[in-house]
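Working notes, structure below.
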Amino acid sequence: AQSVAQPEDQVNVAEGNPLTVKCTYSVSGNPYLFWYVQYPNRGLQFLLKYITGDNLVKGSYGFEAEFNKSQTSFHLKKPSALVSDSALYFCAVRDVYSSASKIIFGSGTRLSIRP
Amino acid sequence: EAGVAQSPRYKIIEKRQSVAFWCNPISGHATLYWYQQILGQGPKLLIQFQNNGVVDDSQLPKDRFSAERLKGVDSTLKIQPAKLEDSAVYLCASSHTGTGVRVYEQYFGPGTRLTVT
């Protein structure tokens, strides 16, 4: 079965420090991987995706993610955290068994940036 | 471009009552999704439409949930009768259609928070 795991329910970082939000995946075949962010009382927003090519993917708001095939990971990173980055982050993977553009979301990690 | 619109934003009903949610996707997006997001969990796909046809409804509890997209644009999701465990945020999303990878970039509405008492 395909799945994504976000091992940390919450990540706390001081403003200006680098941040990492972890994600590991289990898929058959080549993975399509995604990160979405959810701000309070708002819907999810697409951040970035990995389909193929360079293992380091750059996305919105200065975020990037590193695809590591040997570790089956797709961690989200940012060199310098902002208080405004505080939100709920979801990792997702394409459902290869679906004929449609279906993606499966992880359980989410709450990122809290303290001033 | 205008985003995905949903209404109402909040709804409180008693168990066994019925409720309906409305979604208007981004103009030109033929693919529309309804998700259920229970507190502390990631969104779970309930149903996916392409134009007015159902592509995937494998996780829709069909004994109480129904959805339609009659003209291939707006969509409604209905619950009848509601149970306590239906308390959740119901998210609507839309995406480009085609064979390119942009089909996986979904644009979400603000959601409807349903409380069943």
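Both backbone and side-chain heavy atoms feed into the values below; hydrogens, waters and symmetry mates do not.
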Check: Is the number of heavy atoms from other residues, nucleotides or ligands within 6.0 Å of CG (A:Asn30) greater than 12?
Finding: no
CG (B:Leu45) and CG (A:Asp95) are apart, to the nearest 0.5 Å, by 9.5 Å
* To do: May I ask whether A:Ile104 and A:Tyr50 are part of the same hydrophobic cluster, defined by side-chain heavy atoms of I, L, V, M, F, W, Y residues being less than 4.5 angstrom apart, directly or through others?
  => yes
- prompt: Is B:Tyr10 linked to B:Tyr35 within one hydrophobic cluster, defined over Ile, Leu, Val, Met, Phe, Trp and Tyr using a side-chain heavy-atom separation of less than 4.5 Å?
  reply: no
Checked A:Tyr36, A:Tyr39, A:Phe34, A:Tyr32 vs chain B; the most non-hydrogen pairs under 4.5 Å come from A:Tyr36
When rounded to the nearest 0.5 Å, the distance separating CD of B:Glu105 from CG of A:Leu47 is 11.0 Å
*asked:* Taking NZ in B:Lys11 as the centre, count heavy atoms belonging to other residues, nucleotides or ligands within less than 6.0 Å. Is the count above 12?
replied: no
Nearest heavy-atom approach of B:Phe108 to A:Leu44 is CB-O, 3.3 Å
Under 4.5 Å to a heavy atom of chain A? For B:Gln37 that would be side chain
Would a hydrophobic clustering, with Ile, Leu, Val, Met, Phe, Trp and Tyr connected at side-chain separations under 4.5 Å, put B:Phe21 with B:Leu32? yes
>> With a 4.5 Å cut-off on side-chain heavy-atom distances among I, L, V, M, F, W and Y, is there a chain of contacts connecting A:Ile103 to B:Leu46?
In response: no
Is any side-chain heavy atom of A:Gln38 closer than 4.5 Å to one of B:Pro43? no
Of the listed B:Gln48, B:Gln6, B:Gln41, the one with the largest count of heavy-atom pairs under 4.5 Å with chain A is B:Gln48
Requested in this report: Answer yes if A:Val11 and A:Phe63 sit in the same cluster of Ile, Leu, Val, Met, Phe, Trp and Tyr residues linked by side chain heavy atoms under 4.5 Å apart, and no otherwise.
Outcome: yes
Cut-off 4.5 Å, heavy atoms of chain B, and the answer for A:Lys49 is side chain
Cut-off 4.5 Å, heavy atoms of chain A, and the answer for B:Gln106 is both
